[in-house]
Undergrad: 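Structure incoming, see below.
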Amino acid sequence: MNLQEKLEFFTTLVKIGFKEIEVGFPSASETEYEILRTLIEGNYIPDDVTIQVLVQAREHLIRKTFEAIDGAKNVIVHFYNSTSTLQRKVVFKTDMQGVIDIAIDGAKLIYELTEEEKKKNPDMNIRFEYSPESFSGTEMDNAVEICRQVMEELHITKENPIILNLPSTVEGSTPNGYADQIEYFCRHLPNRENAIISLHPHNDRGTGVAAAELGLLAGADRIEGTLFGNGERTGNVDVITLAMNMYAQGVDPELDFSDMPGICEKYEKFTGMNVDPR
């Protein structure tokens, strides 16, 4: 999407009622950086909306990200590194301690830069989010341990909780298997009350919605998704289906989908993708 399309998409999400919106990966390209600066400098972000930015746990990318968020009122800095058995072996060529070290180094730098930013902008509210990417392909005790150490480095408290985002980056099991992993993680995480457990389901098996719903029932607090299942590869979970399912069960998701044809039309215009008639 170009800059204008991104701006329109952002304002559409605000109108629907989203209060936390991941606006991009500002260290990845000039377009991604530019949309963030335009949103901040153009005063497009309402005071009750928090923007979220994504960054790998790598020093130069983290520093670029903090340049991009300068001047924003409410920001979630979402950093990640992969922890799965396969990616440790093939991508990083290291053991679990090696990927823990990557996460810890990233957390230390993010905490330092946050403290510096607060001195410059005392009214700025920066929150932290960490994802052990490929969580569902990671041994659960290892997933708990890396998140525990990240929480320590970021000086997390109950008053300033961290978002721990647990992706099924590749949906490799039935939804109940993912929910079992979420339940195990929630039960074994020290200081569970200091964390908001977030789900990030993908749709490789076509069961992203079911995985999200069972994950909530298993103890999670939050879901990251997209309109109509947009997203890389197989797509992220469709928050519209989730919201409509909640309505059907008497739970108000506090999102406004009363103009569904209008939302469909905008989505197709912004993304160049079609919403399936079913």
Undergrad: State, yes or no, whether a side-chain contact exists between V144 and P190 at a heavy-atom distance under 4.5 Å.
TA: yes
Undergrad: So with a 6.0 Å cut-off around CD of E265, is the heavy-atom count from everything else above 12?
TA: no
Undergrad: Counting N and O atoms only, with roles assigned by atom type, does the side chain of D256 sit under 3.5 Å from a partner on the main chain of S258, one being a donor and the other an acceptor?
TA: yes
Undergrad: N121 side chain to D123 main-chain N or O, any donor-acceptor pair under 3.5 Å?
TA: no
Undergrad: Would you say T226 and V237 make side-chain contact, with heavy atoms under 4.5 Å?
TA: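 Answer no - side chains too far apart.
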Undergrad: Test of understanding: clusters of I, L, V, M, F, W, Y form through side-chain heavy atoms closer than 4.5 Å, transitively. Do L242 and M244 belong to the same one?
TA: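 As far as the 4.5 Å side-chain criterion goes, M244 and L242 are connected within one cluster.
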Undergrad: Mark yes or no for whether N194, through its side chain, and K158, through its backbone, hold a donor-acceptor pair below 3.5 Å.
TA: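 Yes; at least one donor-acceptor contact below 3.5 Å.
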Undergrad: For I62 and Q56, which heavy atoms make the closest approach, and how far apart are they?
TA: CG1-O, 3.7 Å
Undergrad: Heavy-atom distance under 4.5 Å between the side chains of V150 and F79, does that happen here?
TA: yes
Undergrad: Looking only at atom types and distance, does a side-chain atom of Q52 sit under 3.5 Å from a main-chain N or O of V77, one as donor and one as acceptor?
TA: no
Undergrad: Before accepting this row, confirm whether a basic side-chain N of the pair K269/E8 lies closer than 4.0 Å to the acidic partner's carboxylate O.
TA: yes
Undergrad: To check you understand the geometry: which heavy-atom pair defines the closest contact between A218 and A179, and what is its length?
TA: CB-O, 3.3 Å
Undergrad: For the residue pair Y178 and L214, establish whether any side-chain heavy-atom pair is separated by less than 4.5 Å.
TA: no
Undergrad: Please name all residues satisfying side-chain hydrogen bond (donor to acceptor under 3.5 Å, both in side chains) with N203, sequence neighbours left out, ordered by chain then number.
TA: none
Undergrad: Any heavy-atom pair between the side chains of I40 and I45 that's under 4.5 Å?
TA: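 Yes. Closest side-chain heavy atoms under 4.5 Å.
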Undergrad: How far apart are the C-alpha atoms of R88 and N142, what are their side-chain angles, what is the distance that settles it, and do they pass the side-chain contact (heavy atoms from CB on, under 4.5 Å) test?
TA: CA-CA 12 Å; R88 294 199 310 258; N142 281 339; 4.0 Å; yes
Undergrad: Looking only at heavy atoms, which two atoms of A57 and G106 are closest? And how far apart?
TA: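 Closest pair (atom of A57, atom of G106, distance): CB-CA, 4.4 Å.
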Undergrad: Distance only, no hydrogens: is a donor on one side chain within 3.5 Å (strictly under) of an acceptor on the other, for T169 and E133?
TA: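 Their side chains do not contain a donor-acceptor pair, so the 3.5 Å distance test is not met.
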Undergrad: Do any pairs count as a salt bridge (charged side-chain N to carboxylate O under 4.0 Å, His left out) and have a residue in residues 205-218, sequence neighbours left out, and if so which ones?
TA: none
Undergrad: Establish, from distance only, whether the side-chain atoms of T83 and T138 form a donor-acceptor pair under 3.5 Å.
TA: yes
Undergrad: Do the side chains of Y247 and I223 join up, straight or via other hydrophobic residues, at under 4.5 Å, putting them in one cluster?
TA: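 As far as the 4.5 Å side-chain criterion goes, I223 and Y247 are connected within one cluster.
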Undergrad: Are side-chain N/O atoms of E153 and Q149 paired as donor and acceptor at under 3.5 Å?
TA: no
Undergrad: Identify whether I156 and F185 are in the same connected component of the hydrophobic contact network (ILVMFWY, side-chain heavy atoms under 4.5 Å).
TA: yes
Undergrad: Could you state whether I104 and I163 fall into the same hydrophobic cluster, counting links through intermediate Ile, Leu, Val, Met, Phe, Trp or Tyr residues with side-chain heavy atoms under 4.5 angstrom apart?
TA: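 Looking at the clustering, I163 is in a separate group from I104.
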Undergrad: What are the two closest non-hydrogen atoms of F10 and Y44, and how far apart are they?
TA: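 Nearest pair, atom of F10 first, then Y44: CE2-O, 3.5 Å.
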Undergrad: Please find the pair of heavy atoms, one from F228 and one from I263, that lie closest to each other, and give the distance.
TA: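 Looking at all heavy atoms of both residues, the closest pair is CE1-CG2, 3.9 Å.
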Undergrad: State the OG1-OH distance between T12 and Y267, to the nearest 0.5 angstrom.
TA: 13.0 Å
Undergrad: Would F135 and L164 count as a side-chain contact (heavy atoms from CB on, under 4.5 Å) if you check the C-alpha gap in whole Å, the side-chain angles of each, and the deciding distance to 0.1 Å?
TA: CA-CA 11 Å; F135 161 82; L164 292 177; over 6 Å; no
Undergrad: Are I76 and V53 close enough that some pair of their side-chain heavy atoms sits under 4.5 Å apart?
TA: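 Not touching, per the 4.5 Å side-chain cut-off.
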Undergrad: What's the separation between atom NZ in K64 and atom CZ in R58, rounded to the nearest 0.5 Å?
TA: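 Reported to 0.5 Å precision, the distance equals 14.5 Å.
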Undergrad: In chain order, what residues pass the ring pair (Phe, Tyr, Trp, His ring centres under 6.0 Å) check against F270, with sequence neighbours excluded?
TA: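 For F270, the residues satisfying ring pair (Phe, Tyr, Trp, His ring centres under 6.0 Å) (neighbours in sequence not counted) are F9.
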Undergrad: Report, one line per pair, each donor and acceptor closer than 3.5 Å where one atom sits in a side chain of residues 26-33; sequence neighbours left out.
TA:
from : atom 1 : to  : atom 2 : distance (Å)
S29  : OG     : E32 : N      : 3.2
E32  : OE1    : F25 : N      : 2.8
E32  : OE2    : K6  : NZ     : 2.6

Undergrad: Taking distance alone, no hydrogens or angles, what donor-acceptor pairs closer than 3.5 Å link side-chain atoms of residues 92-99 to residues at least two apart or in another chain?
TA:
from : atom 1 : to   : atom 2 : distance (Å)
K93  : NZ     : V90  : O      : 3.0
D95  : OD1    : Q97  : N      : 3.4
D95  : OD1    : G98  : N      : 2.9
Q97  : NE2    : D101 : OD1    : 2.9

Undergrad: Start with the C-alpha distance between E115 and K120, add both sets of side-chain angles, then the distance that settles salt bridge (Lys or Arg N to Asp or Glu O under 4.0 Å), and finish with yes or no.
TA: CA-CA 9 Å; E115 292 301 295; K120 288 192 295 180; over 6 Å; no
Undergrad: Verify the distance criterion only: is there a donor paired with an acceptor across the side chains of H78 and S131 at less than 3.5 Å?
TA: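 Looking only at side-chain atoms, S131 and H78 do form a donor-acceptor pair, the distance falling under 3.5 Å.
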Undergrad: Backbone N or O of N160 within a donor-acceptor pair of the T157 side chain at under 3.5 Å?
TA: yes
Undergrad: Assess whether atom CD of E41 is packed by more than 12 heavy atoms of other residues, nucleotides or ligands within 6.0 Å.
TA: yes
Undergrad: Got a sec: does the NZ of K19 have more than 12 other heavy atoms crowding it under 6.0 Å?
TA: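 Above 12, so yes.
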Undergrad: Please confirm whether the backbone N or O of D70 pairs with a side-chain atom of R37, one donor and one acceptor, at under 3.5 Å?
TA: yes
Undergrad: Quick one: do E145 and R148 satisfy salt bridge (Lys or Arg N to Asp or Glu O under 4.0 Å)? Show the steps, please.
TA: CA-CA 5 Å; E145 179 58 19; R148 181 191 70 77; 2.6 Å; yes
Undergrad: Report the distance from atom CG of L189 to atom SG of C147, rounding to the nearest 0.5 Å.
TA: 7.0 Å
Undergrad: Please identify each residue that fulfils ring pair (Phe, Tyr, Trp, His ring centres under 6.0 Å) with F128, with sequence neighbours left out.
TA: none
Undergrad: Going from OG1 on T114 to CD1 on I126, what distance comes out if it is rounded to the nearest 0.5 angstrom?
TA: 4.5 Å
Undergrad: Sub-3.5 Å donor-acceptor pair from the side chain of R192 to the main-chain atoms of A195, do we have one?
TA: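 Checking the backbone N and O of A195 against the side chain of R192, a donor-acceptor pair under 3.5 Å is found.
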Undergrad: Can you check whether M124's main-chain N or O pairs, donor with acceptor, with N74's side chain at less than 3.5 Å?
TA: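 Absent.
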Undergrad: At their closest point, which heavy atom of I196 faces which heavy atom of R127, and how far apart are they?
TA: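 Here I196 and R127 meet closest at CD1-NH2, 4.1 Å.
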Undergrad: Do N165 and Y80 have side-chain atoms, one donor and one acceptor, less than 3.5 Å apart?
TA: no
Undergrad: Answer yes or no: does atom CZ of R187 have more than 12 heavy-atom neighbours from other residues, nucleotides or ligands under 6.0 Å?
TA: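 No, CZ of R187 has 12 or fewer neighbouring heavy atoms, counting only those of other groups under 6.0 Å.
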Undergrad: How long is the gap from CD1 on I100 to CG on D105, to the nearest 0.5 Å?
TA: 12.0 Å
Undergrad: Find out whether L113 and K108 are in side-chain contact, i.e. whether some heavy atom of one side chain is under 4.5 Å from a heavy atom of the other.
TA: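 Heavy-atom side-chain distance check fails, nothing below 4.5 Å.
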Undergrad: Does a donor on one side chain and an acceptor on the other come within less than 3.5 Å for T207 and E171?
TA: yes
Undergrad: Establish, from distance only, whether the side-chain atoms of E224 and H200 form a donor-acceptor pair under 3.5 Å.
TA: yes
Undergrad: Could you go step by step and tell me if E20 and T50 meet the side chain to side chain donor-acceptor pair (under 3.5 Å) rule?
TA: CA-CA 5 Å; E20 294 176 358; T50 299; 5.4 Å; no
Undergrad: What's the spacing between N236 CG and L227 CG if we round to 0.5 Å?
TA: 11.0 Å
Undergrad: Is it possible for you to say whether L61 and L36 belong to one hydrophobic cluster, with membership spreading through side-chain heavy-atom contacts below 4.5 Å?
TA: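 Both belong to a single hydrophobic cluster.
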Undergrad: I'd like to know if the side chain of S168 and the backbone of V170 have a donor-acceptor N/O pair within less than 3.5 Å.
TA: no
